[in-house]
Amino acid sequence: MSAEREIRTFQRPALSRQRGHDAAAGAPRSDFAATDDYIGFCEGLRQICGIDLTQYKRPQMERRLRSYWSRLGVAKLTDALPRLRSDPAQLDDLLDRVTINVSQLWRHPDQWARLEGGLLQELAAGGRVRAWSAGCSYGAEAFTLAAVCSQAIPRATVKITGTDIDQRMVARARLGEFSDADARGVPVPTMQRSFDRLPNGWRAKPALRSMTHFEVGDLLKVRPPASSYELIMCRNTVIYFADQIRDELHAKFAHALRPGGVMVIGGTERITDAASLGLAPIHPFIYRKS
Ligand SMILES: C[S@@+](CC[C@H](N)C(=O)[O-])C[C@H]1O[C@@H](n2cnc3c(N)ncnc32)[C@H](O)[C@@H]1O
């Protein structure tokens with residue numbers, strides 16, 4: 001995919017984090033009648049910054065929101081909306097609580113071992129690997145993949161696109177810098193091969209940085225072209241979505257994989273009726289498209 005095409009595909013969610021620009025977020029949706037203060041709050045937030053919390057699992061999200069606002073003395077969620085409209089710092093702080101950005105280098109080590117131990121070589125048979133880290137947070141997954149590819153398939157052309165709805169995470173990912181905590185459990189020689197030492201962490205070497213590219217993008221809105229990736233990793237992201245939304249996202253990923261391509265999901269996740277999407281499990285939490 002050309003750079004220009006990619007940017008169009010992963011365009012920043014029109015509404016994402018553009019505080020105070022209600023008009024940019026479009027008109028209120030008639031199907032979201034404010035039946036209670038949770039729904040009213042979600043609709044208000046969607047108008048303020050474009051993030052649609054109604055697509056996430058309600059019990060967890062509502063618990064997080066109510067406890068956040070009750071600590072600030074706000075009992076009714078819709079009463080918090082004027083504050084979010086007028087105070088960008090408050091909006092930032094709230095979004096920090098509701099988007100869960102936890103990540104780590106070489107997270108789920110078994111999966112990296114599978115990729116390194118043969119799968120990447122198969123995917124690179126045509127000379128290139130186009131990979132998508134969907135819900136990339138601050139880039140630990142994308143940079144781990146870059147490091148693993150540089151060892152396993154050094155001659156292939158590798159292009160890794162990381163996307164996340166949270167523009168602050170994308171800005172961090174572009175730096176390619178990680179803390180010592182991010183590298184916990186990773187052998188020091190492994191880190192040294194691909195990262196330069198910083199006083200309190202690590203920075204990805206230029207070769208890795210040239211393999212990676214990060215864009216702000218809402219998984220619910222992007223429309224990746226068919227067969228455009230050899231590898232898609234979407235781990236620990238769809239768990240926050242309602243089941244139907246999760247299934248739709250998996251279908252979107254399957255569509256974006258080229259035949260023979262591989263999809264990796266999180267170690268607590270599953271794909272409902274993978275066969276109907278043309279996906280067959282090849283290892284735990286790893287699927288191949290037929
Ligand atoms: C727990 S992190 C997972 C990071 C990485 N995939 C991993 O497994 O270490 C989940 C990420 O999904 C992102 N996210 C949540 N909803 C999203 C959406 N609608 N579109 C894109 N990213 C989203 C969050 O901002 C967060 O950075």
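In each ligand, atom 1 is the first atom listed, and ligand 1 is the first ligand listed.
Every residue was checked against the ring pair (Phe, Tyr, Trp, His ring centres under 6.0 Å) condition with Tyr138, not counting sequence neighbours, and none meets it. When the side-chain hydrogen bond (donor to acceptor under 3.5 Å, both in side chains) test is applied to Tyr68, the partners found at least two apart in sequence or on another chain are Gln90, Asp93.
Other residues, nucleotides and ligands contribute over 12 non-hydrogen atoms within 6.0 Å of the CZ atom of Arg66.
The side chain to side chain donor-acceptor pair (under 3.5 Å) analysis of residues 69-81, with sequence neighbours excluded, yields no pairs.
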Under 3.5 Å: N or O atoms of ligand 1 paired with protein N or O:
unit_1: ligand 1; atom_1: 6 (N); unit_2: Gly135; atom_2: O; d: 2.9
unit_1: ligand 1; atom_1: 6 (N); unit_2: Glu141; atom_2: OE2; d: 3.3
unit_1: ligand 1; atom_1: 6 (N); unit_2: Arg235; atom_2: O; d: 2.9
unit_1: ligand 1; atom_1: 8 (O); unit_2: Arg107; atom_2: NH1; d: 3.2
unit_1: ligand 1; atom_1: 8 (O); unit_2: Arg235; atom_2: O; d: 3.0
unit_1: ligand 1; atom_1: 8 (O); unit_2: Asn236; atom_2: ND2; d: 2.7
unit_1: ligand 1; atom_1: 9 (O); unit_2: Ser103; atom_2: OG; d: 2.5
unit_1: ligand 1; atom_1: 9 (O); unit_2: Arg107; atom_2: NH1; d: 2.8
unit_1: ligand 1; atom_1: 12 (O); unit_2: Thr237; atom_2: OG1; d: 3.4
unit_1: ligand 1; atom_1: 16 (N); unit_2: Tyr56; atom_2: OH; d: 2.6
unit_1: ligand 1; atom_1: 19 (N); unit_2: Tyr56; atom_2: OH; d: 3.3
unit_1: ligand 1; atom_1: 19 (N); unit_2: Asp218; atom_2: OD1; d: 2.8
unit_1: ligand 1; atom_1: 20 (N); unit_2: Leu219; atom_2: N; d: 2.8
unit_1: ligand 1; atom_1: 22 (N); unit_2: Ile165; atom_2: N; d: 3.2
unit_1: ligand 1; atom_1: 25 (O); unit_2: Asn101; atom_2: ND2; d: 3.4
unit_1: ligand 1; atom_1: 25 (O); unit_2: Asp164; atom_2: OD1; d: 2.6
unit_1: ligand 1; atom_1: 27 (O); unit_2: Asn101; atom_2: ND2; d: 3.0
unit_1: ligand 1; atom_1: 27 (O); unit_2: Asp164; atom_2: OD1; d: 3.4
unit_1: ligand 1; atom_1: 27 (O); unit_2: Asp164; atom_2: OD2; d: 2.7

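Atom-to-atom distance recorded for Leu65:CG and Cys42:SG is 6.5 Å, nearest 0.5 angstrom. Interatomic distance, Thr161 OG1 to His213 NE2, rounded to the nearest 0.5 Å: 5.5 Å.
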